[in-house]
Visitor: 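First the structure, then my questions, so here it is.
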2 protein chains.
Amino acid sequence: MSPNKELIGASTRLLILSVLAREANYGYAIIRAINQEGEGLFVWQEGTVYPILHKLEKEGLVRTQWQEADTGRKRKYYYITATGRGALAAGTEDWAGFHKMITALGEGNHG
Amino acid sequence: MSPNKELIGASTRLLILSVLAREANYGYAIIRAINQEGEGLFVWQEGTVYPILHKLEKEGLVRTQWQEADTGRKRKYYYITATGRGALAAGTEDWAGFHKMITALGEGNHG
DNA sequence: CACTATACCTTGAACTTCAAAGTATGTCAA
DNA sequence: TTGACATACTTTGAAGTTCAAGGTATAGTG
């Protein structure tokens, strides 16, 4: 289990949208990409990520398309939508504001 | 309700510990202090904060002491412990690392 | 005496996350 | 063709988190 579940849980959605804003991808690869990016800070489980992807789709932040890989395997690709990009931008801004506040509070402690 | 519940939920504990690292305080005032600090980004409810304070106490990150105010009112003061300061420092570091990652991902999107 | 603000706490519902298991397909080797 | 393994998607049950709402109690005000 992750040592900082609470810290991490915050921006699951934001992180997924960030990854998809770079380029469309399918679920299984998204999970690997994010966990690699996390560099040990956390490891996301399939049971966590897939439901979030489904929710993002229901909310219209991403759309999906089944595609067949060269291997013959079927993959469900996720594409970020315009709405999704908007949500990502807004979320990133909120994140920055929140971070600023946390930092300010921290600095107050040894000033 | 807060417009960014998920973003906020992350570091409830961190925020409380930050406030208490500045100076000891009692629950009701902590809630007002944090919500003021949030500047509209979020508003915490009593039903959220009190249980967290109880948990922090059980974990030894804070200790408590009942005190009587000038008004005659009884208040439960929360003091951060050495363990609590350690947890705050560690949490802040993790937070910084996580923020760095989010930022890096965001920059990748328009680079 | 009613009303408001302070001050603490608990409960039930909704939601989130995880661990675990389930389903299915392609690859590789014996 | 059989077995093992990685890929790929999904669901389920349990544990945890947060909120809205309400409950208790006391001090001050009109």
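Numbers restart at 1 for each chain; the letters A, B, ... are given by sequence-line order, proteins then strands.
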Visitor: Side-chain contact, heavy-atom cut-off 4.5 Å: A:Y79 with A:N25?
Guide: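 The answer is no, as the side chains (C-beta and beyond) never meet within the 4.5 Å cut-off.
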
Visitor: Is any side-chain N or O of B:Q45 closer than 4.0 Å to OP1 or OP2 of D:dT18?
Guide: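 Answer no for this pair, as no side-chain N or O of B:Q45 is under 4.0 Å from OP1 or OP2.
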
Visitor: Rounding to a whole Å, what distance do you find between B:L53:CG and D:dT17:P?
Guide: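 From B:L53 CG to D:dT17 P: 14 Å.
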
Visitor: Under the 3.5 angstrom rule, does the side chain of B:T83 hit a backbone N or O of B:L61 as a donor-acceptor pair?
Guide: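 Pair absent, no side-chain N/O of B:T83 close to backbone of B:L61.
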
Visitor: In whole angstrom, what separates A:W44's CH2 from D:dT10's P?
Guide: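 Nearest whole value for this atom pair: 17 Å.
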
Visitor: Mind listing the closest non-hydrogen atom pair of B:L88 and B:S18 along with its distance?
Guide: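 Distance-wise, the nearest heavy atoms are CD1-OG, 3.5 Å.
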
Visitor: Without decimals, in angstroms, what is the distance between A:Q67 CD and D:dC9 P?
Guide: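 That distance rounds to 11 Å.
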
Visitor: What's the closest nucleotide to the side chain of B:Y28 if the choices are D:dA8, C:dC8, D:dT10?
Guide: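 Ranking D:dA8, C:dC8, D:dT10 by closest atom to the B:Y28 side chain puts C:dC8 first.
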
Visitor: From C:dT6, C:dT10, D:dT10, pick the nucleotide closest to the side chain of B:H54?
Guide: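 Among C:dT6, C:dT10, D:dT10, the one nearest the side chain of B:H54 is C:dT10.
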
Visitor: On DNA chain D, does the nearest nucleotide to B:I52 precede the nearest nucleotide to B:G72 from the 5' side, or the other way round? Give the residue.
Guide: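 This one resolves to B:I52.
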
Visitor: How would you label the contact of B:G47 with the nucleic acid (heavy atoms, under 4.0 Å): base, sugar-phosphate, or nothing?
Guide: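 The residue B:G47 makes base contact.
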
Visitor: Just the rounded figure in Å: distance from P of D:dT7 to CD1 of A:I30.
Guide: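 Spelled out: CD1 on A:I30 to P on D:dT7 is 16 Å.
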
Visitor: Does B:Y50 place a side-chain N or O at less than 4.0 Å from the phosphate oxygens OP1/OP2 of C:dC8?
Guide: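 True: B:Y50 side-chain N/O within range (under 4.0 Å) of C:dC8 OP1/OP2.
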
Visitor: Between P on C:dA19 and CD1 on A:I31, what's the gap in Å once rounded to a whole number?
Guide: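 After rounding, the gap between these two atoms is 13 Å.
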
Visitor: Any non-hydrogen side-chain atom of B:W66 less than 4.5 Å from a side-chain atom of B:Y26?
Guide: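 Of all side-chain heavy-atom pairs linking B:Y26 with B:W66, none is under 4.5 Å.
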
Visitor: For a 4.5 angstrom cut-off between non-hydrogen side-chain atoms, does A:V62 reach A:L53?
Guide: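 Result no, sub-4.5 Å side-chain heavy-atom pair not found.
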
Visitor: On the nucleotide D:dT17, are OP1 or OP2 found under 4.0 Å from the side-chain N or O atoms that B:K55 carries?
Guide: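 It does, given that an N or O in the side chain of B:K55 lies less than 4.0 Å from OP1 or OP2 of D:dT17.
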
Visitor: When the distance from OH of A:Y26 to P of D:dA6 is rounded to whole Å, what number comes out?
Guide: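 One finds 15 Å between P of D:dA6 and OH of A:Y26, rounded.
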
Visitor: Starting at the 5' end of DNA chain C and moving along, which residue's nearest nucleotide shows up first, A:E68 or A:P51?
Guide: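 Comparing both residues, the 5'-ward one is A:P51.
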
Visitor: Would you mind telling me which residue lines up with the more 5' stretch of DNA chain D, A:T48 or A:K74, judged by nearest nucleotide?
Guide: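 Looking at DNA chain D, the more 5' nearest nucleotide goes with A:K74.
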
Visitor: Figure out the CD/C1' separation between B:E46 and C:dT6, and round it to whole Å.
Guide: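 Those two atoms, CD and C1', are 9 Å apart.
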
Visitor: Which part of the nucleic acid does B:T71 contact within heavy-atom distance under 4.0 Å: base, sugar-phosphate only, or nothing?
Guide: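 Sugar-phosphate contact only - B:T71 comes under 4.0 Å of backbone atoms but never of a base.
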
Visitor: Does B:R32 put a side-chain nitrogen or oxygen below 4.0 Å from OP1 or OP2 of C:dT6?
Guide: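 True: B:R32 side-chain N/O within range (under 4.0 Å) of C:dT6 OP1/OP2.
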
Visitor: Between C1' on D:dT17 and CD on B:E59, what's the gap in Å once rounded to a whole number?
Guide: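 These atoms are roughly 13 Å apart.
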
Visitor: Of the candidate nucleotides C:dA7, D:dC9, D:dA8, which contains the atom at the shortest distance from the side chain of A:K76?
Guide: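 Nearest to the side-chain atoms of A:K76, counting from C-beta on, is D:dC9.
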
